[in-house]
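What follows is a short report on a single structure.
Throughout, protein chains are lettered first and strands after them, A, B, ... in sequence-line order, and every chain is numbered starting at 1.
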Protein chains: 2
Amino acid sequence: MPATLRDVAERANVSIRTVSNVVSGYEHVSERMRTRVQKAIDELDYRPNLVARTLRTGRTGVLALVVPEIDVPYFSQLARDVINSAGELGYRVMIDQTGHDHQRERELLTGGDRTMLFDGILFSPLVTKAELREMNGESGMPLVLLGEHDFDGRFDHVAIDNVQAAYDAVRHLVLSGRTRIGALGTQPAEDYATPQQRSAGYRQALADSGLDFEPALTRPAAHYSRAEGYTAARELLAANEAPDAIFCYSDLLAMGAMRAVFDAGLRVPDDIAIVGIDDIEEGRFSRPSLSTVSLDTPFIAAQAVSRIVERIDDPDREAVEVVAPHRLIVRESSAPGRPRT
Amino acid sequence: MPATLRDVAERANVSIRTVSNVVSGYEHVSERMRTRVQKAIDELDYRPNLVARTLRTGRTGVLALVVPEIDVPYFSQLARDVINSAGELGYRVMIDQTGHDHQRERELLTGGDRTMLFDGILFSPLVTKAELREMNGESGMPLVLLGEHDFDGRFDHVAIDNVQAAYDAVRHLVLSGRTRIGALGTQPAEDYATPQQRSAGYRQALADSGLDFEPALTRPAAHYSRAEGYTAARELLAANEAPDAIFCYSDLLAMGAMRAVFDAGLRVPDDIAIVGIDDIEEGRFSRPSLSTVSLDTPFIAAQAVSRIVERIDDPDREAVEVVAPHRLIVRESSAPGRPRT
DNA sequence: TTGTACGCGTTATCAG
DNA sequence: CTGATAACGCGTACAA
């Protein structure tokens, strides 16, 4: 039976209000009063009831982080950083998985049946812009978009410059002497923004390098998993004119693709160079190690948390767009020359 | 401005009580009444305020999952399954990271300064049994231990048979003809239970196979990361008489160890066979693919969630121990014969 | 079967 | 600077 404010007040012979003031660090409390109350607090091992506080203030101190799947390395890394950043600002984090389910995303965003459990949402969405636009009007819950959505001024939003990131990766392959550069992870038109932007960067880099865009060198992938990367890469290799390099739209796709290349009896990077994007730790220890575009997840997380907290404090603040830095990291999978392995 | 029970009652011209009955699915409500109230609920888009309900009932509908680091593949996989299992029973999940910090673990367990935010804790601890014993008396918060702690009857607890799992892995290496089998991930005496149990299984398997236990073939690791696996394996290889096989106490250690073997100019499994434990997806696509002991995380998660919910409903129920199944999966890293790569 | 009224533990308003 | 007291929105004992 935990002690309440009233218990403390009784014990210290002061009013409940005074205790509350002490607990919440109110300024104008005499030193004598403060120590007297603090003594009672310690003796009773009083801890504020956060639920009651929430009911009163309307703030829960909890943020929701919504991702497709928490066990995708990029998202678990992001979650780690988000939890840490949130903790520093006094927030806790609840994690929801959409499992690639649009309906579930929509529920989460419109409040579903269990609203008011958190103060804001950090959302790494699959939905298209159109859906998003249509959705969030109703709930009005503070929302920050994570990942790479187009910015239309309605939502706070932190992401890297995807077009440029893809461009950098492909350009690097060109400069390494590759001429038949495939892309793995494209998606049907008018769907999600991320693959669209990466494809744009891919095509732009090809064009700037005097290379033709060949649709036969691209393969779609729905979930950006190792398994999808594996099967898609196999298809690519089985085609008439196989690529001599593959730009994968995620590191996980790249891990699958690498394995597919080896199973096909070819070598990375000798026969086929591979570059991913995300910079998950797995790629630093894989054989060969994976060239990739590194995203600064601690930065992304810190920005996202700051933005959402700002918006919670001021719902009418204008939406901002944060562009996180990225940088190409060349490792063995696209290194010129032959690696030892 | 969300609608409240009172608003609905007013609109439907009934008492607040009746609305409450309808919302919580109370049985004895006339059909006419129910539809009338439901109509008002829909019109006002009423959603129960969970915080107020919590204040009243003392139940938050939230579970805490406490792990060292969420971006360790085993834990993120576990988190995925826990979130899914919890969702099926109407619970949400909050994730806390201890970051290998005993102090933080203790805080979380004793309630810290923010108790009452969840109904129970699923705890994957680093702490030793002694610490645990000393800690939980005070808070009385429902607690289920995940992972591989000794069972002392005081806590609910779901884990695999670690001794047997290690035994199986080492025995497999023996049967593959290895004679100098190292262990990677040991820890100083009297610390954590998991490595202790795995060491026990390791030594038992050696003994049963007529092999001597050689301390020089073992290496400690503090965090079970790829990086630690890498450096520890390097040390092992640099020793006078290198091992011809290494049993790693986690898949992540194994991934680092494999890379170290290659960087030393040796081959897996030809020169050194490697077996891990956890069965993370990464090991299915690595080169070579990783032999491992597979833990059934969906089962573990489902059991853990069931146990905690039971305990929430009946705090005085006797503690139970659930032993989750495990099975050895032999892949390329310990396969007899030479792999293609 | 339904209505009334109180309390869960805080914070906030209004006096003093 | 401190005290009394009204909400916050819901569940439920008690009454009808």
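- Across the protein-nucleic acid pair, B:Arg47 atom CZ and D:dC10 atom P stand 13 Å apart, rounded to whole Å.
- In this structure, the CG atom of B:Leu55 is 12 Å from the P atom of D:dG9, given to the nearest Å.
- The side-chain heavy atoms of B:Val309 and B:Tyr91, taken from C-beta on, include a pair separated by under 4.5 Å.
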Summarise how protein sits on nucleotides 1-7 of chain D as a single string, 5' to 3': B when a protein heavy atom is under 4.0 Å from the base, S for sugar-phosphate-only contact, - for no contact.
SSBBBBB

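- Axis orientation changes by 40° from one end of the helix from C:dT1-D:dA16 to C:dG16-D:dC1 to the other, with each end axis drawn from 5 pairs and the value rounded to 10°.
- Under the side chain to side chain contact (heavy atoms under 4.5 Å, CB included) rule, B:Val51 has a single partner from B:Leu55, B:Thr54, B:Asn49, which is B:Asn49.
- Taking 4.0 angstrom as the limit, A:Ser20 places a side-chain polar atom (N or O) nearer than this to OP1 or OP2 of C:dT11.
- Taking a cutoff of 4.0 Å between a charged side-chain nitrogen and a carboxylate oxygen, A:Arg59 and A:Asp313 qualify as a salt bridge.
- B:Asp81 meets the salt bridge (Lys or Arg N to Asp or Glu O under 4.0 Å) test with no other residue; sequence neighbours excluded.
- How far CD1 of B:Ile70 is from CD1 of A:Ile95: 5.5 Å, rounded to the nearest 0.5 Å.
- Checked options B:Ile308, B:Val322, B:Val323, B:Leu122; the residue passing with B:Val158 is B:Val322 (criterion: side chain to side chain contact (heavy atoms under 4.5 Å, CB included)).
- The nearest whole Å value for the distance from the CD atom in B:Glu10 to the C1' atom in C:dT4 is 16 Å.
- If you measure from atom CG of B:Leu117 to atom P of C:dG9, you get 16 Å, rounded to the nearest angstrom.
- Atom CZ of B:Arg6 and atom C1' of D:dC8 are 10 Å apart (whole Å).
- Remark: B:Arg80 engages A:Asp71 in a salt bridge (Lys or Arg N to Asp or Glu O under 4.0 Å) (not counting sequence neighbours).
- Applying the salt bridge (Lys or Arg N to Asp or Glu O under 4.0 Å) test to B:Arg317 and every residue at least two apart in sequence or in another chain returns B:Asp156, B:Glu310.
- B:Leu5 comes within contact range of the sugar-phosphate backbone alone, with a heavy-atom separation under 4.0 Å but no base atom that close.
- Note: CG (A:Asn49) to P (D:dC8) measures 18 Å, nearest angstrom.
- The salt bridge (Lys or Arg N to Asp or Glu O under 4.0 Å) check on B:Asp296 picks up nothing, with sequence neighbours excluded.
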